[in-house]
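Below is one structure, written out as structure tokens; the observations come after it.
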Amino acid sequence: MKLVSKIAALAAVSMIALNASVAGAAEISEFRIGILGGENASDRLRAFECLEQKTADLLGVPVKLFAPADYNGVIEGLLGGNLDMAWLGASSYAKVFLTDPDAVEPVLVKVNVDGSYGYYSIGFARIESEINSLEDMKGRKFGFGDPNSTSGYLIPSIEIPKLGYSMTPGDYFGDVVFTGGHEQTIVAVANGDIDAGVTWADGLGEWEDGYNSGALRKASDAGLVDMTEIQEIWRSPVIPEGPIVLSKKLPEDVKILMTGLMASLQSIDPDCAYGVAAGDTKGFMPITHDAYVSIVEARKAKSQ
């Protein structure tokens, strides 16, 4: 009931925001949205086209979408003041915060269909490879995604060694490589280029669908992978879903309007929300920095 009440209250505020004056927008000449890596740029841009149009209609200024090749492109865009909004992974947010705590503020987080806002790093392999767990991966090739990915690198690089499997190439796994992103990892496993890898999913719904939301769902929807040909071999502890962040330099009116738009997206355009949120969700709810303190500390420890 607490979550339902919170979402209902936010929806009410959102409708006020969406009907509010765009006075703050007069102070900006454009609005720039960064789209984190994980799949090819054309698919990312296509999924956000609807949000681009809604933002332009709301703010009355041109809106530009940026889909850099890697996570660092979005991170640097936010740190350099060249992006106004992005949906970051928790580890990417941690990097931004550790570099400049005054660069962005987290405002919303994706809510799963069960009301939670966590997700998992999922290890997976081809069924035909007869790899059923990490125990079967000795001497095999393991793939991470992007170095700034929470589920594609940070969390598995910490949690898998806790189980006794060194991530140093040649110690246990035959090789450990970076593929470049979630989609690349999924395709590499499906094609047999690597034996297993990690990606993200909410862990809800059916495996055959790629779960309810996440990189597996998007890859399955796009026909890039047949989920009946791969299987889960490892799952991390729950990870806090990354935040939608806004530049702290934005006028307050613009922050309110964009927070309202994103919070209302599921109710005003479910199809748009599906593409932006990478699957079925309940929408977005408020979040603060406090939810990411543990990830910030993990990222800090990893860099030492």
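Nothing here was measured: the structure is a model prediction, and the numbers come from that model.
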Counting N and O atoms only, with roles assigned by atom type, does the side chain of [X] sit under 3.5 Å from a partner on the main chain of [Y], one being a donor and the other an acceptor?
| X | Y | answer |
| --- | --- | --- |
| N112 | G118 | yes |
| N212 | D280 | no |
| T259 | I256 | no |

Decide, yes or no, whether a salt bridge links [X] with [Y] under the criterion of side-chain N to carboxylate O below 4.0 Å.
| X | Y | result |
| --- | --- | --- |
| D193 | K141 | no |
| E105 | K255 | yes |
| E297 | K300 | yes |
| E30 | K64 | yes |
| D57 | K54 | no |

Go through the side-chain N and O atoms of [X] and [Y] and say whether any donor and acceptor fall under 3.5 Å apart.
| X | Y | result |
| --- | --- | --- |
| D221 | Y274 | yes |
| T199 | T185 | no |
| N191 | R126 | no |
| S213 | K110 | yes |

Report yes if some heavy atom in the side chain of [X] is under 4.5 Å from a heavy atom in the side chain of [Y]; otherwise report no.
| X | Y | result |
| --- | --- | --- |
| M85 | M258 | yes |
| Q53 | V63 | no |
| P156 | W234 | yes |

field: Atom CD of E208: over 12 foreign heavy atoms under 6.0 Å
entry: yes
* Please indicate whether K248 has more than 12 foreign heavy atoms, meaning atoms of other residues, nucleotides or ligands, lying under 6.0 Å from its NZ. =>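 Buried by this count: over 12 neighbours within 6.0 Å.
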- Check whether the ring centres of F144 and F142 lie less than 6.0 Å apart, and answer yes or no.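 Yes, close enough.
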Exercise for review: Answer yes if the ring centres of F178 and Y153 are under 6.0 angstrom apart, and no otherwise.
Suggested key: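 F178 vs Y153: aromatic centres under 6.0 Å.
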- Where does the angle between the aromatic ring planes of W87 and W200 fall among parallel (under 30°), tilted (30 to 60°) and perpendicular (over 60°)? perpendicular
**Study point:** Separation between OG1 of T281 and OH of Y117, rounded to the nearest 0.5 Å
**Key:**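 So the OG1 of T281 and the OH of Y117 are separated by 15.5 Å.
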So CE of M167 and OG of S157: to nearest 0.5 Å the spacing works out to 7.0 Å
Practice item. Cation-pi check, R235 to Y120: give yes when NZ or CZ is under 6.0 Å from the six-membered ring centre and within 45° of the ring axis, no otherwise. Key: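 Relative to the ring axis of Y120, which defines the angle, R235 lies inside both limits.
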For [X] against [Y], the heavy-atom pair lying closest together:
| X | Y | result |
| --- | --- | --- |
| H182 | S151 | CE1-OG, 3.3 Å |
| S29 | P62 | O-CD, 3.3 Å |
| A47 | K218 | CB-NZ, 3.9 Å |

message = Under the criterion side-chain contact (heavy atoms from CB on, under 4.5 Å), I'd like the reasoning laid out for L36 against S92: C-alpha separation, chi angles, the key distance, then a yes or no.
response = CA-CA 9 Å; L36 212 60; S92 296; 4.3 Å; yes
